[in-house]
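Predicted model, so just to flag it, every value in this text is computed and none were measured. Residue numbers begin at 1 in each chain, while the letters A, B, ... track the order of the sequences.
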Amino acid sequence: MMTPYTLVDWVLGDGAGWIARFIGAVLVWAVPITGFVSFVGLLSIWLERKISAHIQCRLGPMEVGYHGALQTVADGVKLLAKEDLVPADADRFLFAFAPILAFAGTVVGFAVVPFGPGLIVADLDIGIFYLAAVGSLEAIGVIAAGWASNNKWSLFGSVRAATQVVSYEIPMGLAFVTIAALAGTLSMSGIVDQQQGWIANWFLFRNPFTWIAFIIYYIAALAECKRAPFDLPEAESELVSGFHTEYSGMRFAIFFLAEYAQMYVVSAVAVVLFLGGWYSGIAPLDAAVGTGVAGKLVGAGIIVTKSFLLVCVQMWLRWTLPRIRLDQMLYLCMKILMPFGMLTLVGSTMWEYYFPTPEIAKVGGGWTGNTVMTGVVVAIIGTLSLIVYVRSVIRSTPSLRAASNP
Amino acid sequence: MSLGAYLNSIGTSAKTIVAGMALTFRYLIRPSEIVTIQYGSKNNAPKERYVPDRHRGIHILETEKCIHCHICEKACPVDCITMDGTRDAPFDGAWKGDGCFISSFTLDLNKCIFCNLCCEPCPKECIHMGMEFDAAAYTRAHGVKNLLTDAPYSEADRVREAEARQLIEAAEAEAKRRKDEARKAAAAAKAQATPAAAPAAPGAPAAPKPPGLPPPPGAVVPKPIASPTPGMPKPPGAAMPPPPAPPATAGPAMPPPPKPMPPMPKPPTN
Amino acid sequence: MNAPHIPKAFAASDVRSEEMLLNMGPQHPSTHGVFRVVIRTDGEIVIDSESHVGYLHRCFEKHCESVSFLQSVLYTDRLDYLTSMGNNLAFSLGVERLFTDLVIPERAEHIRVICAELNRIASHLLAIGTYGMDIGAITPFLYCFRDREKILSIFESICGQRLNYNYVRPGGVAYDIDDSMIAAIKDFCKYFRPKAQEYDDLLSNNDIFVRRTANVGVLSKELALSYGVTGPCLRGSGVKRDLRRDLPYSIYSRFDFEIPVGTGERGTLGDCYDRYMVRVREMIESLRIVEQAVSQIPDGPFKTDQIKGKLRPPKGESFIRVENSRGELGFYIISDGKDVAYRVKCRAPSFHNISLLTDISRGAMIADMVAIIGSLDIVMGEVDR
Amino acid sequence: MTPDKVHEILKAKHAQAVSAFDPNPKHPSIKIAPEFWRVVAKTLRDDCGLDYLVSLTAVDRAAELEAIYTLEVMDGARCPIHVRVLVPRDNPLIATVEDIWRTADWHEREAWDLMGITFVGHHNLVRILCAEDWEGHPLRKDYKSPDTYHGIKNNVT
């Protein structure tokens, strides 16, 4: 655990002072992070377009690049060339500053998101806490944007964003605490390290309650990214475009980029907390690639792939579901996610107390009795939900539904 | 709300959301369901493919048949047709009609609502709704079409494109057949695994070509049609100038001199 | 009297400080056209609202007094541009009613019914799709358009246009349909039935959708009756009224179909969900009518030979209503024996349906406002005429 | 509610109000004197059960303006009855019925806007389809469309 963990340590050696480490981190990380954010933006916008298109029986962009892969670049160029409009009577400073605030609020999250073993900007001891703290910074940019626009619809959007923050933060925090209680640490790499070995060691499979924690976290993360069904602040059919109604050109693009970067951040955090981080879930494979450069690269590939899979699920959800109403959003977070979050925290810690994870599992030792038990519970839940699903399919055939639903 | 109802409502939500997601996922992984037609792309098919026979596009005027009776002008509910002409002697720049000379026949596409009411009462059936649907123009003045000279898409074009389509389809079928045969031959050659079968494989595509089939896909360009089909209107061409005034000796019954066809159908891209 | 009108409830001095005047429309994604509602809100709650229409007014009734009856038909296309076949049919029936002994050929009647019902399906598809979009689900919208596209393709092959058909004319229809078109219609019927299940999976049963629409915008039967609301909005309130059955025009009395009414299955009777479900179920019933009509379509002429030359109805007045996809579309036609109408009045269903918006949107949230307008399914071309 | 029955009821209650009755089965109509219209309307709704105002058509009859109310029973037999109210062209005043049939609210505004019939007692008789500052009533036969409107030229003659 005390080996040089971050890239900066790796470059500077272990003995550097904190000033050197800080400057080193900035020099070493600024360029890759900016590049990575752009890459995330390009890839996820393309993914979003393609996924939405294929879900909707369309082709999506096909002209620029292979299957429209460079369409986003073309759009970026277009947005750069657009006129920079500021509405009359807008708060000009805030109007210009809000996109930067939103973007910065997202990018600071990358500081604790690992890209692979040791590939982490700052492996803070309080990684999760830091995330919970800065995760909502973007909302401040959003609120500022809506306020500065001098537009009633934008104002509605920003007020909705504020409402949303206070509602999703609590369940999200409960999910964090659940994992922190299991892991015994707040450090991101510390958490990932507890999940090495076989797939059963992922926190998702550690006990049945972490499943619930994962779902709670994912729903809250959707709300944090303002993704459907929680896209209330920008609800295009209700509030025109909400907080970014008045934005055009590059400022709009920055909001857009911030949204997609945020999607990546929350997905990567989900991967770190629940899905084994940079471990593949196959113990011999991880052992084979080792911890050298090859190991770092493979780990980076694994964690980025897993994160993008979760990003795809966000898109899949978005293109399936209608938007919920503001009061329903509050209801969901306060009355459903929060009680379940507390239940999860209590249940998970009690489970850990009564069926403690053997130390051997914590360092990736392999299958344990606890894992088997978890598997049994999960299998039961899975079977039950399958039965419920089949029943619902039967119910939804018109003739049977009419019979059962007078 | 009782605990049962509370849990039940959560269950219902989860169930119905999963049902919806299952549906969208089915579509996501089935590219065969995609319904997009890529209009205007590189491998574009003729417009015939997009519109049915009765499509009401920009009008076509068969000038030889027109008797300059103004019925279409009167039938138009939005007054977008204006025409002028004379029954007297030909004059400079006049187009030959059936017993009359037409000096102008304009269609204001800014007004036209493509209702087909001008075509229905025509006694000579000389004005038709064509297949052309690209009516976009940069200015309003560009939207005013002179049907005598600007006809964007004539009956002859239509025949040509129908033939071109047939050729393309035949060529596609031929290419597919050849591919299949080549694959079969390759498979056969592999099965035999002897050099004796080798000459058959490359020869296969060329040998069974029946006579009368169109050229291979590389040469799908339809040949120009030698002469216009009888009854077909004058060939169009936006760039074509009005025909010179007929010689004085030519009587009113003399048809206009046949024009050479443009060598290719217009590419249907915009 | 011509001074700009500011109702008292909306004077700025009367607005309390915690309230806000919000101008929804004329350009808003969810007002389904250029429709403007001034909303007085307290937070997200709508306290009061006032509708403004007329942005799309283009004097349809005045037009009809200057163009012939035949030319008026194509102006009816542009009233409710999503149900043009129904509009054509209504106007044609109104003109035919002026004649004393006009016999419309059987084939023409069947074609009219087929086209009107297919167009009803297309219109409801669009209503459902855009309603999903209002609620925030974009994918059902595209599925609906995919299926609507098939109907439009059939119409295009029948009459050459996709939206403004100008197809049903006084005395019959404009062109005959041939076997390939009948085959296409039959194919569509086969194709469409299973697709209806998809809308259930994506929208009708979806819990988020149900929660967004049930108990929202409750239109009581009494209110609906007093505002003269018709069509799916009225049936959603539980009134079983459908002119196709109650006052059969054309040959509707020969077909076997149900009239779906709202039951309050997920909430209160007459809420947005009921209105939505009436549309979903009506599509299937329309499909049944199409199937019956297609299977028994006779041979024969497709327009009457009694009208020769110019269409000159005798002097008189006629009033006709048909059950269009948004309600009862009526035409009051006064002819003075010329080929131009003396006066045409269009009784547009959307005009009635939207007039009660103020009454049912009180106390709703802004998101509900969108849901309510969407569930009323207005077409501004018809409201403003 | 057949037209004959409606006529009977009206004859019994407001004998002097009914000035003509046309029982044509295709197009039944009753003519009402304008000064009695409001009381007749109440009778029509309450006694005859005609609770559905299908449409309000305003017609320019040269010397007079006519408002044709098409009435029907919403929840029963379908047979629209047309009630005609003729008012002089130079002083077209008709009592409002917006509180009797709420449909009439917008319809009367429309009739005022396009034909210029003033509905006395209407709470909000303003233009509905035309712009608020429009002049004239377009559906009248003697209407001349303006040459310009807010600087926009009318080039359609």
Side-chain angles (χ1 to χ4, degrees), chain B residues 8-28 30 33-37 39 47-59 71-81 111-121 123 128-133, chain C residues 63-64 66-75 77-78 132 137-140 142-143 145-147 149-150 152-167 169 174-178 180-181 184 195 197-211 266 309-310:
Chain B
N8 203 13
S9 75
I10 296 173
T12 314
S13 303
K15 213 168 62 189
T16 53
I17 287 168
V18 168
M21 290 182 71
L23 181 80
T24 44
F25 190 69
R26 278 209 298 279
Y27 275 108
L28 180 64
R30 266 191 313 198
E33 297 276 350
I34 286 172
V35 293
T36 308
I37 299 173
Y39 172 66
K47 272 182 187 153
E48 295 286 318
R49 288 236 175 129
Y50 302 119
V51 296
D53 288 346
R54 286 182 188 172
H55 180 77
R56 308 208 293 249
I58 298 173
H59 304 62
I71 284 185
C72 49
E73 197 179 349
K74 280 175 199 145
C76 181
V78 292
D79 299 337
C80 72
I81 298 176
K111 289 185 192 168
C112 181
I113 54 177
F114 302 98
C115 63
N116 204 24
L117 285 186
C118 52
C119 308
E120 284 166 18
H128 311 284
M129 307 300 278
M131 295 285 131
E132 175 70 45
F133 50 77
Chain C
H63 270 306
C64 292
S66 57
V67 296
S68 73
F69 281 104
L70 201 58
Q71 292 173 341
S72 303
V73 173
L74 55 99
Y75 282 106
D77 281 335
R78 283 133 178 100
I138 302 168
T139 300
L142 282 133
Y143 290 170
F145 265 60
R146 176 195 65 196
D147 298 345
E149 193 66 20
K150 296 203 184 305
L152 296 192
S153 295
I154 292 172
F155 283 158
E156 199 188 6
S157 68
I158 290 177
C159 65
Q161 284 282 46
R162 303 172 73 76
L163 215 55
N164 296 314
Y165 310 115
N166 188 19
Y167 180 57
R169 310 261 178 94
Y175 326 100
D176 204 357
I177 65 176
D178 61 27
S180 66
M181 296 161 193
K195 290 288 171 190
Q197 177 66 34
E198 288 186 358
Y199 306 131
D200 280 0
D201 277 352
L202 263 185
L203 273 186
S204 318
N205 292 338
N206 187 298
D207 206 47
I208 298 178
F209 179 79
V210 172
R211 280 161 193 269
R266 299 292 171 96
K310 268 210 159 138

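- Taking the side chain as every heavy atom from C-beta outward, C:Cys159 and B:His55 never approach each other to under 4.5 Å.
- Checked against ring-ring contact (aromatic ring centres under 6.0 Å, His included), C:Phe69 has no partners two or more places apart in sequence or in another chain.
- Heavy-atom pairs under 4.5 Å with chain B peak, among C:Tyr75, C:Tyr175, C:Tyr165, at C:Tyr175.
- Counting only distance, with no hydrogens or angles, the side chain of C:Asp207 and the backbone of B:Thr16 share no donor-acceptor pair below 3.5 Å.
- Residues passing the ring-ring contact (aromatic ring centres under 6.0 Å, His included) test with C:Tyr167, sequence neighbours excluded: none.
- Listed options C:Ile158, C:Asn164, C:Thr139, C:Ile208 were ranked by heavy-atom pairs under 4.5 angstrom with chain B; first place goes to C:Ile158.
- Proximity to chain B is absent for every atom of C:Phe209, based on heavy atoms less than 4.5 angstrom apart.
- Taking all atoms of both residues into account, the shortest heavy-atom contact from C:Leu70 to B:Leu117 is O-CD1, 4.1 Å.
- When every heavy atom of B:Arg54 is checked against every heavy atom of C:Glu156, the shortest pair comes out as CB-O, 4.4 Å.
- In this structure the side chain of B:Arg56 reaches within 4.5 angstrom of the side chain of C:Asn166, judged on heavy atoms.
- Looking at B:Glu120 and C:Arg169, their side chains come closer than 4.5 Å, going by heavy atoms from C-beta outward.
- Here the side chains of B:Pro77 and C:Leu74 are in contact, with some heavy-atom distance below 4.5 Å.
- Side-chain contact between C:Tyr199 and B:Leu23: absent, with no pair of heavy atoms (C-beta onward) separated by less than 4.5 Å.
- Between chain C and the options B:Gly20, B:Ala75, B:Ser13, heavy-atom pairs under 4.5 Å are most frequent for B:Ser13.
- In terms of non-hydrogen atom pairs under 4.5 Å with chain B, the most contact-rich of C:Arg146, C:Arg78, C:Gln161 is C:Gln161.
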